[in-house]
Number of protein chains: 2
Amino acid sequence: MAYDGEASSTREAILLEARRCFSDHGYEGTSLNDIAAGVGIRRASVLHHFPSKEAVYQAVFEQALADWGDRIDRAVAHGGPDDEGWTHLDRVLTVAVRWFADNPEFVRLVRHESLAAGTHLGFDLGEALRPWFQRAVNYFDREMGAGRLRKHDPEQLIISGYGAILNYFSDVHFLHGLLGRDPMAEEAIEARIQAIRDFFRAALEP
Amino acid sequence: MAYDGEASSTREAILLEARRCFSDHGYEGTSLNDIAAGVGIRRASVLHHFPSKEAVYQAVFEQALADWGDRIDRAVAHGGPDDEGWTHLDRVLTVAVRWFADNPEFVRLVRHESLAAGTHLGFDLGEALRPWFQRAVNYFDREMGAGRLRKHDPEQLIISGYGAILNYFSDVHFLHGLLGRDPMAEEAIEARIQAIRDFFRAALEP
DNA sequence: GTCTATACGCAGATAGAC
DNA sequence: GTCTATCTGCGTATAGAC
């Protein structure tokens, strides 16, 4: 479980602290000093465990993406007997939103990266996620074709969906100012999940 | 018109180039050298026109927000005789999306800022936009109460909406990788606008 | 594995010539 | 208004002691 607060080794502790720093301040806004200070060691010691700052960043991302993939895979596979159409989508959607709510650092990490023009990741995040995207598009094509979901353009629908979901958890600071209350309070998160489900049902349930 | 490519003074040229740099690479990822080089002057000359890097950033933001406010104000006010319910919302929505499509730098600028933990802006962007947000909430309350729009939680609706819209234009680079084509091509933008309108109509039209 | 010391460059900002 | 020169601090990364 990559996303808990405890570290079993210095290497793990570095990754944990680096994830926090990178997600809050981005790649350029984070220094090896920041990471080292959070761990309680010196800058040079961080570079004993990783060859460079970029290597730390890439390791953080690798861990995060692997963890995310596992969760979604499990959620998609776990359907019961009457798991189809809106029922299935609603279940996966709810799992996904809850996971994002539990892992806001991941969301902010991805956002920083997808916003960046030149990347420090070594590969293109969009391209890397394309197979996932295609899987989702195929799913919607099938369900809409069979009349189990109302017809919309699947690609556009997914883009709207991930925007509506990720936004909330990436822009927590902004929303705090906008709403005048804590968007990550438990009841606020529950309300958000409910709203996302309602909105998608209104648009998709046949 | 603040968002065109021509600069009538060095100060304007600095703001223009700074907006490009900040929106692509964020505050920390942009140096005064980058800005100066884009303008064709030296670092010290930039600091003749602005007292500090933060001052440049704030001036860029001030200009962008003022321009945005003007456009929305005009769009909201410009209704014809049968301008109410979904018709009105659809019109304002379309204007807003088109403006974002024309000003992706603004979108990325706001995104960087709302993502940042500690800001270089000097004020809280969320708080500054709260009056706008409240105005929109009141509008939805009125329309939904009168039965001219389907009932949803207005706050949640607006959060979903701005997420679905802003995402597309802020994550252009990411989407290029994800879709395997240019999301800012004219027909792609038209398709996006159409999809947003369809999706909102499906959820909101009574 | 962690440390200090050090190399080296680039950052933001200021002083002063032209 | 723009420049060069300079100050000062922090950045990444490496060498080598313990």
Side-chain angles (χ1 to χ4, degrees), chain A residues 6-63 109 112-113 115-123, chain B residues 6-63 109 112-113 115-123:
Chain A
E6 221 46 43
S8 55
S9 65
T10 304
R11 199 193 136 94
E12 281 299 312
I14 292 171
L15 286 175
L16 207 67
E17 180 63 25
R19 196 175 63 215
R20 188 195 341 271
C21 291
F22 285 135
S23 73
D24 276 355
H25 307 290
Y27 182 83
E28 333 269 357
T30 298
S31 75
L32 291 176
N33 272 335
D34 297 333
I35 298 170
V39 175
I41 57 177
R42 296 294 215 162
R43 190 173 63 225
S45 304
V46 173
L47 291 169
H48 171 78
H49 295 272
F50 297 91
S52 69
K53 180 182 170 182
E54 285 212 333
V56 178
Y57 187 69
Q58 287 165 15
V60 165
F61 240 92
E62 203 173 319
Q63 209 186 43
L109 212 53
H112 267 114
E113 186 60 29
L115 203 48
T119 183
H120 301 272
L121 202 51
F123 63 92
Chain B
E6 222 45 44
S8 55
S9 65
T10 304
R11 198 192 136 93
E12 281 299 313
I14 291 171
L15 286 175
L16 207 66
E17 180 63 25
R19 196 176 60 214
R20 189 196 338 271
C21 290
F22 285 136
S23 73
D24 275 354
H25 307 289
Y27 182 84
E28 333 270 357
T30 299
S31 75
L32 291 176
N33 272 335
D34 296 333
I35 298 170
V39 175
I41 56 178
R42 296 294 217 162
R43 190 172 66 228
S45 303
V46 174
L47 291 170
H48 171 77
H49 296 272
F50 297 91
S52 69
K53 179 181 169 181
E54 284 212 334
V56 178
Y57 187 69
Q58 287 165 15
V60 165
F61 240 92
E62 204 173 319
Q63 207 187 44
L109 212 53
H112 268 115
E113 187 59 27
L115 204 46
T119 184
H120 302 272
L121 203 52
F123 63 91

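Naming convention: chains lettered A, B, ... in sequence-line order (proteins, then strands); numbering from 1 in each chain.
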Map A:Thr30 and B:Thr10 onto DNA chain D by nearest heavy atom, then report which one ends up closer to the 5' terminus. B:Thr10
Selection: residues 35-44 of chain B, any non-hydrogen atom under 4.0 Å of DNA chain C: B:Arg43, B:Ala44
note: A:His25, atom NE2; D:dG11, atom P; distance rounded to Å ~ 12 Å
Is the phosphate of C:dC10, meaning OP1 or OP2, less than 4.0 Å from a side-chain N or O of B:Asn33? no
For the pair made of CZ in A:Phe50 and C1' in D:dT12, what is the distance, rounded to whole Å? 16 Å
Whole Å only: how far is the CG atom of B:Leu47 from the P atom of C:dA11? 13 Å
I want to check a possible cation-pi pair here: B:Lys53 against B:Tyr27, using under 6.0 Å from ring centre and within 45° of the ring axis as the test. yes
Round to the nearest Å and state the distance from B:Arg11 atom CZ to D:dT2 atom C1'. 17 Å
For A:Glu28 and D:dC10, give me the distance from atom CD to atom P, rounded to whole Å. 19 Å
Check: A:Val60 and A:Leu109 side chains under 4.5 Å, non-hydrogen atoms: yes
Show your reasoning for whether side-chain contact (heavy atoms from CB on, under 4.5 Å) applies to A:Leu16 and A:Arg19. CA-CA 5 Å; A:Leu16 207 67; A:Arg19 196 175 63 215; 3.5 Å; yes
Evaluate side-chain contact (heavy atoms from CB on, under 4.5 Å) for B:Leu32 paired with B:Leu47, printing each intermediate quantity in order. CA-CA 9 Å; B:Leu32 291 176; B:Leu47 291 170; 3.8 Å; yes
Figure out the CG/P separation between B:Asp34 and C:dC10, and round it to whole Å. 12 Å
Could you walk me through whether A:Phe50 and A:Leu15 satisfy the side-chain contact (heavy atoms from CB on, under 4.5 Å) test, starting with their C-alpha distance in whole Å, then the side-chain angles of each, then the deciding distance to 0.1 Å, before giving a yes or no? CA-CA 10 Å; A:Phe50 297 91; A:Leu15 286 175; 3.8 Å; yes
Atom CG of A:Leu32 to atom P of D:dG9: distance rounded to whole Å? 21 Å
Checking A:Ser31 now: which residues fulfil side chain to side chain donor-acceptor pair (under 3.5 Å) with it, not counting sequence neighbours? A:Asp34
Less than 4.0 angstrom between a side-chain N/O of A:His48 and OP1 or OP2 of D:dT14, yes or no? no
D:dC3, OP1 or OP2 - any side-chain N/O from B:Ser45 closer than 4.0 Å? yes
Should A:Ser31 be listed as having a side-chain N or O under 4.0 Å from OP1 or OP2 of D:dG11? yes
Does atom CD (A:Glu54) have a neighbourhood of more than 12 heavy atoms from anything else shown, all under 6.0 Å? yes
